[in-house]
K.L.:
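Once you've had a glance at the structure underneath, I'll fire off some questions.
To find a chain, count down the sequence lines: A is the first, B the second, and so on, and within it residues start at 1.
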2 protein chains.
Amino acid sequence: MNQPCHQHAIPRRLVQQPLSELTDRLRARSRKVTGQREAILDVLRRHANPLTNREIHAALRGSGCDLATIYRTMHTLLGMGVVRRCDFGDGVARFELATGDAHHHHLVCRACGMVVEVDDCFPAALEEAIARRHGFVGIAHRLEFFGVCPRCQDPEPGPPKAP
Amino acid sequence: MNQPCHQHAIPRRLVQQPLSELTDRLRARSRKVTGQREAILDVLRRHANPLTNREIHAALRGSGCDLATIYRTMHTLLGMGVVRRCDFGDGVARFELATGDAHHHHLVCRACGMVVEVDDCFPAALEEAIARRHGFVGIAHRLEFFGVCPRCQDPEPGPPKAP
DNA sequence: GGGTTGCTTGCAAATCAATTGCAGTTGGGG
DNA sequence: CCCCAACTGCAATTGATTTGCAAGCAACCC
């Protein structure tokens with residue numbers, strides 16, 4: 001899995017969330033708006049797919065933000081609900097901005113790692129039935145799809161693709 | 001999350017899979033059936049819930065099987081499709097025997113870590129529609145449910161429960 | 001049954017993601 | 001402008017997982 005950066009078209013849902021709105025959420029909780037945090041949020045805002053802390057760190061080359069700071073910041077943002085964490089099963093955490101509206105899932109290409117957002121979700125009624133059946137409360141789910149994207153299906157084009 | 005061992009009632013689907021059948025699958029691929037591997041498979045067979053390599057290692061105290069060997073063995077078994085890997089989002093891989101029949105998902109208690117098997121699955125028709133819509137092939141999904149189990153809901157009994 | 005061969009294993013060292021202690025900085029309310 | 005809790009960089013630590021290497025041992029051949 002590679003090719004982590006697909007910032008081609010910044011998705012509408014991200015563009016419409018100004019940086020100032022995000023930083024205000026920090027200030028509102030007596031959290032400081034530092035240059036590093038603005039930079040991190042900005043990187044997340046510019047990318048359509050979930051990023052690993054390492055990828056964020058790489059995207060910040062130059063503004064030299066320590067990797068530990070990124071880990072700590074993601075923790076803070078996660079606790080504030082500003083970002084959401086996704087697991088693609090490769091043992092590395094990825095983060096994306098949590099946009100107040102509906103949660104979504106991801107369709108990941110097993111070959112190149114490209115990520116597509118999927119709005120379909122596990123049927124709520126069925127989920128409730130499962131919770132009731134086992135007596136669980138506060139139920140939630142984690143769901144991700146995997147497959148091979150159109151690009152990686154035909155072995156023609158040269159550049160893309162990965163082992 | 002703790003309380004990893006729930007081997008109370010061995011689920012039927014596991015009991016019905018004799019160790020010999022498992023070892024034969026190894027032999028069939030010019031893989032050797034060693035004491036360590038038999039022991040590992042046997043531990044998996046006796047437990048109803050997915051186990052971490054560390055848990056398997058602990059269950060093998062005495063038969064002294066190296067942790068590295070367990071990691072390597074799980075890799076091998078995974079590649080052969082004998083075991084299946086599950087991620088509960090805590091950064092530790094868990095394994096369970098892959099029983100030829102229908103795959104299932106898990107409902108995990110956020111408090112005590114208890115795991116319940118769930119047979120419901122994401123609607124196949126919907127999954128196919130998602131794949132088609134994005135031009136993906138060979139689609140599959142990863143789905144886990146989280147909630148609080150009945151035991152951890154009422155703060156009465158003493159022993160169970162965890163931070 | 002003994003010998004050969006290649007898959008396995010134990011042990012230790014190496015990776016890798018993620019976390020933490022500490023001392024020096026800094027945002028921003030007062 | 002001052003002060004201090006919130007931050008940050010850096011280095012060291014933890015935990016999971018992987019790997020190099022030499023010794024061990026199943027499976028196969030005769």
Side-chain angles (χ1 to χ4, degrees), chain A residues 1-2 4 19-20 22-41 43 50-58 60-80 82-83 85-95 113, chain B residues 1-2 4 19-20 22-41 43 50-58 60-80 82-83 85-95 113:
Chain A
M1 196 122 87
N2 66 345
L19 231 192
S20 60
L22 294 172
T23 55
D24 282 348
R25 293 179 65 176
L26 278 171
R27 254 183 283 268
R29 298 222 196 176
S30 72
R31 284 293 151 60
K32 302 192 171 167
V33 177
T34 65
Q36 291 89 327
R37 289 181 177 180
E38 281 193 332
I40 292 173
L41 284 170
V43 168
L51 300 175
T52 64
N53 284 333
R54 188 167 296 285
E55 286 168 351
I56 294 174
H57 184 241
L60 257 38
R61 290 244 175 286
S63 31
C65 176
D66 195 84
L67 191 52
T69 295
I70 296 177
Y71 273 100
R72 276 188 283 230
T73 298
M74 297 321 288
H75 243 256
T76 301
L77 296 179
L78 199 55
M80 294 177 58
V82 173
V83 300
R85 173 183 171 151
C86 340
D87 282 294
F88 290 171
D90 61 352
V92 193
R94 280 157 220 274
F95 302 88
Chain B
M1 199 122 83
N2 65 343
L19 232 193
S20 60
L22 293 172
T23 55
D24 282 349
R25 292 179 64 176
L26 276 171
R27 254 184 282 268
R29 299 220 195 178
S30 72
R31 286 292 152 61
K32 302 189 174 171
V33 177
T34 65
Q36 290 89 327
R37 288 181 179 179
E38 280 194 331
I40 292 174
L41 284 170
V43 168
L51 300 176
T52 64
N53 285 332
R54 187 166 295 284
E55 286 166 351
I56 294 174
H57 184 241
L60 257 37
R61 289 245 177 285
S63 33
C65 176
D66 195 85
L67 190 52
T69 295
I70 296 177
Y71 273 99
R72 276 188 283 230
T73 298
M74 298 320 289
H75 242 251
T76 301
L77 297 179
L78 198 55
M80 294 177 58
V82 173
V83 299
R85 172 182 170 152
C86 338
D87 282 294
F88 290 170
D90 61 352
V92 193
R94 281 157 219 273
F95 303 88

K.L.:
Within this structure, what is the CD-CD distance for the pair A:E38 and A:Q36, rounded to the nearest 0.5 Å?
P.N.:
10.0 Å
K.L.:
Separation of B:L60 atom CG from C:dG10 atom C1', in whole Å?
P.N.:
14 Å
K.L.:
Nearest nucleotide by nearest heavy atom, which residue falls closer to the 5' end of DNA chain D, B:K32 or A:A68?
P.N.:
A:A68
K.L.:
Would you mind reading off the distance between A:N53 atom CG and C:dC16 atom P, rounded to a whole angstrom?
P.N.:
16 Å
K.L.:
Side chain of A:R54: nearest nucleotide among C:dT8, C:dA17, D:dT17?
P.N.:
C:dA17
K.L.:
Relative to the 5' end of DNA chain C, which residue comes earlier, A:G91 or A:R31, by the nucleotide with the nearest heavy atom?
P.N.:
A:G91
K.L.:
With a 4.5 Å heavy-atom cut-off, do A:T76 and A:R37 have their side chains touching?
P.N.:
yes
K.L.:
Remember a base hit wins even if backbone is also touched, and classify A:R27 as base, sugar-phosphate or nothing at under 4.0 Å, heavy atoms.
P.N.:
sugar-phosphate
K.L.:
Under 4.0 Å, counting only non-hydrogen atoms across every strand here, what does B:R72 touch: a base, just sugar-phosphate, or nothing?
P.N.:
base
K.L.:
Determine the contact category for B:A93: base if any of its heavy atoms lies under 4.0 Å from a base atom, sugar-phosphate if only primed atoms, P, OP1 or OP2 are that close, otherwise nothing.
P.N.:
sugar-phosphate
K.L.:
When the distance from NE2 of A:H57 to C1' of C:dA17 is rounded to whole Å, what number comes out?
P.N.:
14 Å
K.L.:
B:I40 and side-chain contact (heavy atoms from CB on, under 4.5 Å): which partner among B:T34, B:V83, B:T73?
P.N.:
B:T73
K.L.:
Within this structure, what is the CG-to-C1' distance between A:D24 and C:dG27, rounded to whole angstrom?
P.N.:
15 Å
K.L.:
Could you tell me how far apart A:Q36 (CD) and D:dC10 (P) are, to the nearest whole angstrom?
P.N.:
11 Å
K.L.:
In the structure I gave you, are the side-chain heavy atoms of A:L77 and A:L41 within less than 4.5 Å of one another anywhere?
P.N.:
yes
K.L.:
With the side chain of A:T34 defined as its heavy atoms from C-beta on, choose the nearest nucleotide among D:dG9, C:dC11, D:dC7.
P.N.:
D:dC7
K.L.:
Considering only side-chain heavy atoms of B:V92, which listed nucleotide, D:dT8, D:dA27, D:dA16, is closest?
P.N.:
D:dA16
K.L.:
Are the side chains of A:H57 and A:N53 in contact, using a 4.5 Å heavy-atom criterion?
P.N.:
no
K.L.:
Please report, rounded to the nearest Å, how far the P atom of D:dA26 is from the CZ atom of B:R37.
P.N.:
12 Å
K.L.:
Picking from D:dT17, D:dG9, C:dT19, which would you name as closest to the side chain of A:Y71?
P.N.:
C:dT19
K.L.:
To the nearest angstrom, how far is A:L78 atom CG from C:dA18 atom C1'?
P.N.:
14 Å
K.L.:
Please give, in whole Å, the distance from C:dT8 P to B:M74 CE?
P.N.:
15 Å
